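A short worksheet on the structure shown next.
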Amino acid sequence: MNLKNYLVKGLFCLSLSIFTISCSNDDNGKQDNDNQKKVEVMSPKEAKVFVENNLSNFSTCIERYESGAFGDFFYNYIINEDRVQQSSAPYNWIVPQDGKSEWINDVINKWKDQYGSFLDADKPFNLAAKTGVYTWNSKTHKFIKETKGSAFVLIFPSDRSETDLDLKLEIKKYVDAQVSFEGEKTYYPMNLDFSFYKKDVKIISGIAKDIKFEVHDNFSMPISGDIVLYTNPVTHTINLTRETPTVFNLSEVFTQEGGCKTAINAKVHFINSDYGNFSDLKKDVNFADLKISHNEMVIKININIKELSRLNKDFDDLNENEFKSVIKAELFKNNAKAGDLMLFNLLKGENNKEKEITLVLSDGSTQDLMPSFKDEVKKLEKILKRFIDNDDEK
């Protein structure tokens with residue numbers, strides 16, 4: 001399956017809401033019961049307009065995000081300088097080769113040469129021993145330390161040829177612990193409070209609290225944590241809880257001004273709690289319940305991973321009947337069910353021909369939604385044009 005099909009699937013399960021998260025209301029159990037009783041009666045035409053309006057609003061939100069301070073910084077410092085193209089048909093994703101991103105790495109290495117390790121994976125970071133304000137001297141190409149305050153502050157120019165000290169990294173809290181992934185040990189933050197600024201405009205910040213792992217030699221399982229991440233202008237609120245040894249809840253809410261609110265909620269049921277020996281999604285997970293929303297549009301998806309494992313196939317290789325046995329998806333308008341989504345139509349059918357995304361409404365009528373998704377993908381491609389080169393347009 002080519003990348004455009006993945007984009008369609010991503011838009012479907014992302015804007016219709018992309019990863020895996022909850023609407024912002026937390027009353028899930030009670031609401032789920034109510035949803036069984038409420039039905040939103042829509043005609044095929046009304047359903048099409050409802051989906052298209054929400055998809056269009058999602059694209060507008062992505063456009064605001066892309067043109068915001070974080071998007072500009074990411075483009076100018078990671079993408080645009082001395083860029084090269086990394087092919088992944090039908091796109092050539094633009095990735096950095098050298099330039100401003102390398103300059104920032106150089107700055108960190110210069111600091112490390114003077115003052116020791118800095119957030120290295122193989123060493124703990126003692127914030128209390130590093131607090132102070134470190135300011136770049138453009139003449140000596142070294143940092144000058146002022147011992148003041150209770151935070152770690154790094155001030156430096158945004159380009160090796162500039163003298164304007166317009167970038168600032170501030171770390172107010174940092175507590176790490178050693179965990180392991182794939183048998184390799186590393187230090188990971190458990191509590192964190194940081195901000196990064198350009199010309200006093202906050203580009204990105206994050207607060208992480210109570211991150212906890214159950215540590216094993218081969219794999220450390222995250223079992224709880226609260227994270228608030230700001231990537232100007234979007235705030236991401238993330239929560240992980242372990243309900244039982246085999247049931248985990250992960251939620252993320254994306255918000256920004258202008259009526260943009262996307263939420264994802266996942267409840268994952270593992271086969272057992274032998275986290276140290278987890279190795280394969282299809283073998284380790286029983287099933288997962290997803291609730292994805294954008295404004296008033298909500299999609300609920302149940303994925304039967306155990307059945308997928310029994311079939312011994314990947315998602316892309318399932319036929320329509322098999323796909324229906326693995327995934328069930330429903331579309332809601334707020335708390336009232338509007339219909340069932342035939343998600344298997346996202347996948348290739350016989351002879352690898354693309355099929356439709358069909359919404360089966362409460363009265364049994366159907367609406368093909370694939371044209372709406374394709375139109376929105378084209379819109380997203382234009383919005384993200386500076387980050388990708390599309391071979392289809394050449």
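Everything quoted here is computed from the prediction, not taken from an experiment.
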Can you check whether Tyr230's main-chain N or O pairs, donor with acceptor, with Thr235's side chain at less than 3.5 Å? no
Selection residues 209-289 - residue pairs positive for disulfide (SG to SG under 2.5 Å), sequence neighbours left out: Cys61-Cys260
Scan for disulfide (SG to SG under 2.5 Å) pairs involving residues 131-187, sequence neighbours excluded, and state none if there are none. none
Taking atom NZ of Lys142 as the centre, report whether more than 12 heavy atoms of other residues, nucleotides or ligands fall under 6.0 Å from it. no
Do any pairs count as a disulfide (SG to SG under 2.5 Å) and have a residue in residues 161-252, sequence neighbours left out, and if so which ones? none
Applying side chain to side chain contact (heavy atoms under 4.5 Å, CB included), can you list everything that pairs with Arg242, at least two apart in sequence or on another chain? Glu214, Ile223, Phe248, Tyr275
Check Asn137 against Lys139 and note the closest heavy-atom contact, atom names and distance. OD1-N, 2.9 Å
Heavy atoms from other residues, nucleotides or ligands near CG of Asp280 exceed 12 (cutoff 6.0 Å): yes
Please, which pairs that meet side chain to side chain donor-acceptor pair (under 3.5 Å) have at least one residue in residues 167-177, sequence neighbours excluded? none
Step through the shown structure and confirm whether more than 12 heavy atoms of other residues, nucleotides or ligands are within 6.0 Å of NZ on Lys110. no
Could I get the full list of side-chain hydrogen bond (donor to acceptor under 3.5 Å, both in side chains) partners for Asp122, not counting sequence neighbours? none
Quick check: are there more than 12 heavy atoms from other residues, nucleotides or ligands sitting under 6.0 Å from NZ of Lys313? yes
Test: Lys300 cationic atom under 6.0 Å from Phe332 six-membered ring centre, within 45° of axis: yes
Could you pull out all residues at least two apart from Asp72 that satisfy salt bridge (charged side-chain N to carboxylate O under 4.0 Å, His left out)? Arg386
Can Asp314 and Lys282 be counted as an ion pair, charged N to O under 4.0 angstrom? yes
Return the set of residues passing salt bridge (charged side-chain N to carboxylate O under 4.0 Å, His left out) with Glu46 (not counting sequence neighbours), or none when no residue passes. none
Qualifying residues under side-chain hydrogen bond (donor to acceptor under 3.5 Å, both in side chains), relative to Thr131, sequence neighbours excluded: none
Leu169 and side chain to side chain contact (heavy atoms under 4.5 Å, CB included): which partner among Val153, Leu154, Ile104? Leu154
If you define the side chain from C-beta out and look only at heavy atoms, does anything of Phe58 sit under 4.5 Å from Glu376? no
Which donor-acceptor pairs under 3.5 Å do the side chains of residues 187-210 make with protein atoms, sequence neighbours left out?
{"residue": "Asn191", "atom": "OD1", "partner": "Asp210", "partner atom": "N", "Å": "3.1"}
{"residue": "Lys198", "atom": "NZ", "partner": "Tyr77", "partner atom": "OH", "Å": "2.9"}
{"residue": "Lys198", "atom": "NZ", "partner": "Asp166", "partner atom": "OD2", "Å": "3.0"}

Which residues pass the side chain to side chain contact (heavy atoms under 4.5 Å, CB included) test with Ser67, sequence neighbours left out? none
Using ring-ring contact (aromatic ring centres under 6.0 Å, His included) as the criterion, point out the one residue from Trp136, Tyr134, Phe152 that pairs with Phe143. Trp136
Sequence neighbours excluded, the answer for side-chain hydrogen bond (donor to acceptor under 3.5 Å, both in side chains) partners of Glu307 is Arg310
